[in-house]
S.K.: 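Please see the structure below; I have some questions.
First the proteins, then the strands, lettered A, B, ... as listed; each starts at 1.
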2 protein chains.
Amino acid sequence: MSIDVKTVCLGILSLGDGSGYDLKKRFESTFGHFFQAGYGSIYPALAQLAETDLVSCCEVLEEGKPAKKIYRITESGRHELVKTLESTTPTHKIRSEFLAVLYFAELIGPAQLDRIINHRVGEMQDVLRLLDELKHDSAADQGPGPRFVRGFGETILRAALDYIETHRAELCAGHEGHEPKLQPVSRTAT
Amino acid sequence: MSIDVKTVCLGILSLGDGSGYDLKKRFESTFGHFFQAGYGSIYPALAQLAETDLVSCCEVLEEGKPAKKIYRITESGRHELVKTLESTTPTHKIRSEFLAVLYFAELIGPAQLDRIINHRVGEMQDVLRLLDELKHDSAADQGPGPRFVRGFGETILRAALDYIETHRAELCAGHEGHEPKLQPVSRTAT
DNA sequence: CCGATACATATCGAGTTGATAGGTTTCTAT
DNA sequence: ATAGAAACCTATCAACTCGATATGTATCGG
């Protein structure tokens with residue numbers, strides 16, 4: 001087995017019970033900067049985990065509230081989790097449309113280039129703020145593991161921001177003074 | 001449209017003709033550290049690009065060699081490429097099983113933790129070496145875009161390596177002196 | 001009291017991954 | 001010489017993931 005959404009769900013549940021909705025929240029706050037998962041992955045994952053008895057599920061019906069299913073990790077779930085964590089050599093992949101676009105920076109008008117970089121910088125600053133909140137607020141994220149991972153994210157983001165601000169000028173060197181190669185494409189398209 | 005494998009293939013072809021096999025090579029060397037694609041994505045992408053006339057395809061049959069299909073970008077392909085590059089706000093995602101595992105470091109035996117970290121460190125050093133080769137060897141990767149992207153990768157990798165070496169000791173703080181929580185799981189499983 | 005947001009589950013098409021299959025040519029070491 | 005490894009080349013498939021969407025109730029602010 002590899003470290004897929006199923007495994008991470010199991011891991012999160014090892015820290016406390018929760019519904020699918022809860023898990024999504026955890027994914028967004030704590031895991032968002034290095035491992036994403038949407039409902040389309042989480043619900044099937046929970047269903048499979050329940051099927052194989054790695055988690056138990058009990059439906060909670062509070063009156064006047066939407067029904068929810070609270071999942072809880074089982075003993076065999078904890079064993080499976082440790083086994084999986086120990087028996088894989090985990091990957092680390094970046095999929096960056098951002099860098100892909102910048103690779104072809106020469107084809108893009110300077111204004112668009114600026115917009116794209118500024119947007120990405122904003123995103124990174126948002127994540128940095130989130131990580132800072134986590135550092136102070138979240139009780140669940142204070143162990144050595146969570147701290148290490150948070151620090152990793154912080155370090156990489158700062159390095160990236162620094163690099164971008166230092167080198168973005170060089171990107172425009174390609175078409176300094178002359179117009180974008182092809183006629184500027186209308187902003188409304190697609 | 002978003003920046004998918006199709007778009008990046010189009011971009012690569014804008015730098016010169018090539019077969020599916022060639023493209024895979026380019027993906028591995030130049031794009032590998034921030035955007036991966038396998039045959040399972042590349043061949044369908046090329047087929048679709050050919051269908052919509054963004055690239056042309058001619059079959060080359062040299063005697064005594066496996067047949068190959070050389071793809072070439074068309075004028076409408078170049079337009080579409082620029083339009084796509086300019087009209088998206090590109091994403092940047094990390095999917096790190098590595099960090100996911102380290103988040104749960106307390107559940108893992110110190111020996112396994114060491115193995116995992118060393119393996120990842122090795123991978124990162126490999127990529128650094130690759131980037132260094134690209135810097136000196138590859139004629140295609142000398143423009144401002146390629147240089148920026150390469151430098152980005154280098155910077156982030158160095159920052160990550162540095163962070164790991166500085167903080168890996170703290171990860172083991174959780175179970176210093178006492179045994180792993182659950183009985184060590186046999187290495188052979190799964 | 002209306003609209004936005006939070007809570008909650010779930011599905012679907014499109015895209016991606018990683019492994020696998022199937023075949024030829026060229027290089028390399030014994 | 002020749003066996004075997006590695007490079008060259010196209011292609012597919014099941015499993016997994018993504019992002020959008022559907023469908024509702026409850027709550028809270030203006």
S.K.: If you define the side chain from C-beta out and look only at heavy atoms, does anything of B/Leu102 sit under 4.5 Å from B/Leu113?
M.R.: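 Touching, per the 4.5 Å side-chain cut-off.
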S.K.: Go through the structure and list residues passing side chain to side chain contact (heavy atoms under 4.5 Å, CB included) with A/Ser56, not counting sequence neighbours.
M.R.: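 In terms of side chain to side chain contact (heavy atoms under 4.5 Å, CB included), with neighbours along the sequence ignored, A/Ser56 is linked to A/Arg72, A/Thr74.
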S.K.: Using a strict cut-off of less than 4.0 Å between a Lys/Arg side-chain nitrogen and an Asp/Glu carboxylate oxygen, indicate whether B/Asp22 and B/Lys68 qualify as a salt bridge.
M.R.: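 Result for this pair is no, no salt bridge flagged.
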S.K.: Could you pick out which residue, A/Thr91 or B/Lys6, lies toward the 5' side of DNA chain C when each is mapped onto its nearest nucleotide?
M.R.: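 Closer to the 5' end of DNA chain C: B/Lys6.
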S.K.: Would you say B/Thr30 and B/Pro146 make side-chain contact, with heavy atoms under 4.5 Å?
M.R.: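 With C-beta onward as the side chain, the pair stays apart.
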S.K.: Closer than 4.0 angstrom, basic N to acidic O: yes or no for B/Lys93 and A/Glu97?
M.R.: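 No, B/Lys93 and A/Glu97 are not salt-bridged.
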S.K.: Would you kindly compare B/Lys93 and B/Lys25 by the position of their nearest DNA chain D nucleotide and give the one closer to the 5′ end?
M.R.: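 Taking each residue's closest nucleotide, the earlier one in sequence belongs to B/Lys25.
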S.K.: B/Arg95 side chain: which of D/dT17, C/dT16, C/dA6 is closest?
M.R.: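 From the listed options, D/dT17 comes nearest.
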S.K.: Given atom CG of B/Leu46 and atom C1' of D/dT12, what is their separation to the nearest angstrom?
M.R.: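 The answer, rounded to whole Å, is 15 Å.
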S.K.: Run the salt-bridge test on A/Glu123 and A/Arg120 with the 4.0 Å N-O cut-off and return the result as yes or no.
M.R.: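 Judged by the 4.0 Å cut-off on N to carboxylate O distance, A/Glu123 and A/Arg120 do form a salt bridge.
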S.K.: Compare side-chain N and O positions of A/Lys69 against OP1 and OP2 of C/dA10 and report whether any pair is under 4.0 Å apart.
M.R.: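 Yes, A/Lys69 has a side-chain N/O under 4.0 Å of OP1/OP2 on C/dA10.
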S.K.: Rounded to the Å, how far apart are A/Gln36 CD and D/dT17 P?
M.R.: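 After rounding, the gap between these two atoms is 12 Å.
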S.K.: If you define the side chain from C-beta out and look only at heavy atoms, does anything of B/Lys6 sit under 4.5 Å from B/Leu49?
M.R.: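 The answer is yes, as the side chains (C-beta and beyond) meet within the 4.5 Å cut-off.
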S.K.: Starting at atom CD1 of B/Ile42, determine the distance to atom P of D/dC9, rounded to an integer number of angstrom.
M.R.: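 B/Ile42 atom CD1 is separated from D/dC9 atom P by 14 Å.
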S.K.: Of the options C/dT16, D/dC8, C/dA8, whose atoms approach the side-chain atoms of A/Tyr21 most closely?
M.R.: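 Selected nucleotide: C/dA8.
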S.K.: After noting the C-alpha distance and the side-chain angles of A/Phe148 and B/Tyr163, does the key distance pass the ring-ring contact (aromatic ring centres under 6.0 Å, His included) rule?
M.R.: CA-CA 9 Å; A/Phe148 181 92; B/Tyr163 179 85; 5.2 Å; yes
S.K.: How large an angle, rounded to 10°, do the end axes of the helix from C/dC1-D/dG30 to C/dT30-D/dA1 enclose when each is built from five base pairs?
M.R.: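 What I find for the helix from C/dC1-D/dG30 to C/dT30-D/dA1 is an axis angle of 40°.
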S.K.: I want to check a possible cation-pi pair here: B/Arg26 against B/Phe31, using under 6.0 Å from ring centre and within 45° of the ring axis as the test.
M.R.: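 Geometry flag: not set, cation outside 6.0 Å or 45°.
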S.K.: Taking only the side-chain nitrogens and oxygens of B/Ser19, find out if one of them lies under 4.0 Å from OP1 or OP2 of D/dC8.
M.R.: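 Looking at the OP1 and OP2 atoms of D/dC8, neither is under 4.0 Å from any side-chain N or O of B/Ser19.
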S.K.: Please list, pair by pair, any protein nitrogen or oxygen found under 3.5 Å from a nitrogen or oxygen in nucleotides 11-14 of chain C.
M.R.:
none

S.K.: Report the distance from atom CD of B/Gln48 to atom P of D/dA11, rounded to the nearest whole Å.
M.R.: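 These atoms are roughly 14 Å apart.
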S.K.: Please report, rounded to the nearest Å, how far the P atom of C/dT17 is from the CD1 atom of A/Ile3.
M.R.: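 Answer to the nearest Å: 18 Å.
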S.K.: Distance check needed: D/dA11 P versus B/Lys68 NZ, whole Å only.
M.R.: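 From B/Lys68 NZ to D/dA11 P: 14 Å.
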S.K.: Taking atom P of D/dC9 as reference, at what distance in whole Å does atom CD of B/Glu28 sit?
M.R.: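 After rounding, the gap between these two atoms is 14 Å.
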S.K.: So, is B/Lys24 close to the D/dT10 phosphate, meaning a side-chain N or O under 4.0 Å from OP1 or OP2?
M.R.: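 No, outside the criterion.
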